[in-house]
There are 2 protein chains.
Amino acid sequence: MKKLSIVDIANSLNISKTTVSFILNGRAREKRISDEMIERVLKYVNEVGYKPNTLAKSLRTGKSHTIGLLVQDISNHFFAAIARQIEDRAYKNGYKIIYSSTDNDTRKTKELIALFRDQHVDGYIIVPPLGIEADIEDLIADGFPVVLFDRYLPGVETDHVLVDNLFSTYNATRLLIDKGYEHIAFISYESTQTQMEHRKQGYRKAIEESKLKPNILEVDFYKEEKLIIEEIRSFILNNKNIDAVLFGNNYLGTCGLKVFRSSGIKIPDDIALISFDDLEVFELYTPEITAIAQPVEAIAEEVITILLNRLNNVPKDDSKQQVTLATELKIRKSTR
Amino acid sequence: MKKLSIVDIANSLNISKTTVSFILNGRAREKRISDEMIERVLKYVNEVGYKPNTLAKSLRTGKSHTIGLLVQDISNHFFAAIARQIEDRAYKNGYKIIYSSTDNDTRKTKELIALFRDQHVDGYIIVPPLGIEADIEDLIADGFPVVLFDRYLPGVETDHVLVDNLFSTYNATRLLIDKGYEHIAFISYESTQTQMEHRKQGYRKAIEESKLKPNILEVDFYKEEKLIIEEIRSFILNNKNIDAVLFGNNYLGTCGLKVFRSSGIKIPDDIALISFDDLEVFELYTPEITAIAQPVEAIAEEVITILLNRLNNVPKDDSKQQVTLATELKIRKSTR
DNA sequence: ATGAAAGCGCTAACAT
DNA sequence: ATGTTAGCGCTTTCAT
């Protein structure tokens, strides 16, 4: 059973392929094609199970109905959960997703963007690493819709959806302060990415407002887990006065859990703990871990809605859509 | 800056596009094109940053260098972790991934396969729901490489990579029996999918060998979490004699944890617990949960290797590649 | 050793 | 109201 083309359909019906094309693309009315013709074509097409060749269509129209999704790491639950939602909405709207993990690696990301362009991707959803500014600007200059999330690129005007990182850590730190903790550490990455910067600023703001002393550990993102754990461990062990720790993301939070558990540090009696991002493990841990939950569904929803609107040229106006969502501090048992 | 085509290159160089095409596709030698010509073209192409249009190439060659990946749910860690590895290897070998989650929904999967075919995907990696046999057979009949994993479709000859489900649960159940548990329940899905069937059989075999009584709860896969939790809870509460439970997968395992925790059931004192699949939460739970760990990396590695070989027509022989990997029973503290 | 030209399947401007 | 035809950018056969 060879694959049918539009010409085969036209020949079988003794009409021109133009007519078939118009009918198939819903432009029959506009072209004033007779109802019976429409009926006949549709019926036949359906009967023989004809499917237009999307590749040929894309080549002709320049649209691929494909969205490129670049997250930091698809195996991290935060990104996987968002990818899942985006995928759902995209497929429902006739878009396929091609995706990849950037590993926060600028070079890899550059290559990936080139690959996606090459593939005639219609729109981009990107969790941008640093150093990718120019590539994003090129994309935009060439008229591609791109929406960033989780972080943004200062100086690059794009659509993006973020959470209120600064307030989130400010709020969490305040909780700790209000509970009477006085030596609160913040553990994060050596990173100037906006989300991490803002989380640090939120922490600092609360600490300084209360005339406490900030104590920050920034680990190397690219180190392997074992080494990160050791770094955290020696930080904790060398700063005996620490009575509470705020972790900058879910990964660091679980690393912290591993450190405390293996070092026999009791939560919250010895040290209190709050982590950015919520995870099932935080809910199920003993004691349950207080966490800053990002609104995963809302983020995904905003991202894909903005992109789909751009793809359909709505809104007509050119102003960038930049939304900031609130997080929820889930207060559990990891603070006294 | 308009995108350059092969014709532009040819014109600028005052040669024919055929020559350019041959050189670009490494067929210059074979066509005995002069070294200086090759040099000149390559240099120019590089200079102006020309990239061939993959769409046009695909239309012409029928190859898209795209792999379709259909997992049950990309937000489940087991699938996300595998997807991640597959993605890495695929990109390294010049293949893009387009993916989607099937939700174990036959209709959705059928549509997705149709969409992928339509998109001229070169090869398929599928976690098949039931009822998809005919579609898979069509794919194979039409010459597409397809490799299944996690489960297979009895009666359909394909490449696949599985784990030794039967032995895994047999082994885990034996552990429980050896420790003296006598009322061991197995909680799984109402499902005739091979992986679930085999897990059940392994459990049964161990139980029957020891003249114990099997006690199985099978919940509805499609129910929402809350209801599944309630179902598990009432099962446990109505079977007071149960002293150990084996869960059929990671999702069910965490549901079990939630039930025990909220019902005040102590692990392992009141009930022992083992779960299929390993998860960070099992490692960090108090007590640490004994689990059957699947070799995630090995699975991904096998899957993509088999597919890539097929795509490159290696091995030439037609016999199906079917591999079964061993799991590892990580004995921790959830049994006495 | 290099080039002309057909054709992959589709859309759309331009006839009629 | 329907058809003719010229591409989209590429590969590849056939000619020279």
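Below, chains carry the letters A, B, ... as their sequence lines are ordered, and counting in each starts from 1.
Between B:Arg60 and D:dG9 there is no side-chain polar atom (N or O) within less than 4.0 angstrom of OP1 or OP2. In this model, the phosphate group of C:dG9 is not approached by any side-chain N or O of A:Tyr50 to a distance below 4.0 Å at OP1 or OP2. Contact check, B:Arg32 against C:dA1: a side-chain N or O comes under 4.0 Å of OP1 or OP2. In this model, the phosphate group of C:dG3 is approached by a side-chain N or O of B:Thr19 to a distance below 4.0 Å at OP1 or OP2. Distances shorter than 4.0 Å separate some side-chain N or O of A:Ser21 from OP1 or OP2 on C:dT11. Residue B:Arg27 has a polar side-chain atom (N or O) positioned under 4.0 Å from OP1 or OP2 of D:dT12. At D:dT2, one or more side-chain N or O atoms of A:Ser34 fall inside 4.0 Å of OP1 or OP2 (strictly under the cut-off).
Atom P of nucleotide C:dG3 and atom CD1 of B:Ile9 are separated by 15 Å, given to the nearest angstrom. B:Lys31 has its NZ atom 14 Å from the C1' atom of D:dT16, to the nearest Å. For the pair A:Lys63 NZ and C:dG9 C1', the interatomic distance rounds to 19 Å; values are reported in whole Å.
When heavy atoms are screened at a 4.0 angstrom cut-off, B:Leu55 is found touching no nucleic acid atom at all. Residue A:Thr18 is in base contact, counting any heavy-atom pair closer than 4.0 Å across all strands shown.
A 6.0 Å sphere centred on CD of A:Glu133 holds more than 12 heavy atoms belonging to other residues, nucleotides or ligands. Atom CD of B:Glu111 has more than 12 neighbouring heavy atoms from other residues, nucleotides or ligands inside a 6.0 Å radius.
No side-chain N or O of B:Ser21 forms a donor-acceptor pair with one of B:Arg27 less than 3.5 Å apart.
Comparing A:Phe22 and B:Met37 by the nucleotide of DNA chain C whose heavy atom lies nearest to each, the residue mapping closer to the 5' end is B:Met37. Comparing A:Leu59 and B:Leu24 by the nucleotide of DNA chain D that holds the closest heavy atom to each, the one mapping nearer the 5' end is A:Leu59.
Closest approach of A:Asp150 and A:Phe79 over heavy atoms only: OD2-CZ, 4.2 Å.
Side-chain proximity of B:Ile33 to D:dC10, C:dG9, C:dT2: nearest is C:dT2. Proximity note for A:Asn25 (side chain, C-beta onward) versus C:dT11, C:dC10, D:dG3: the nearest is C:dT11.
Donor-acceptor pairing under 3.5 Å, judged by distance alone, is absent between the side chain of B:Lys57 and the base of D:dT11.
Classification of the A:Tyr99-B:Tyr99 ring pair by plane angle, with boundaries at 30° and 60°, yields perpendicular.
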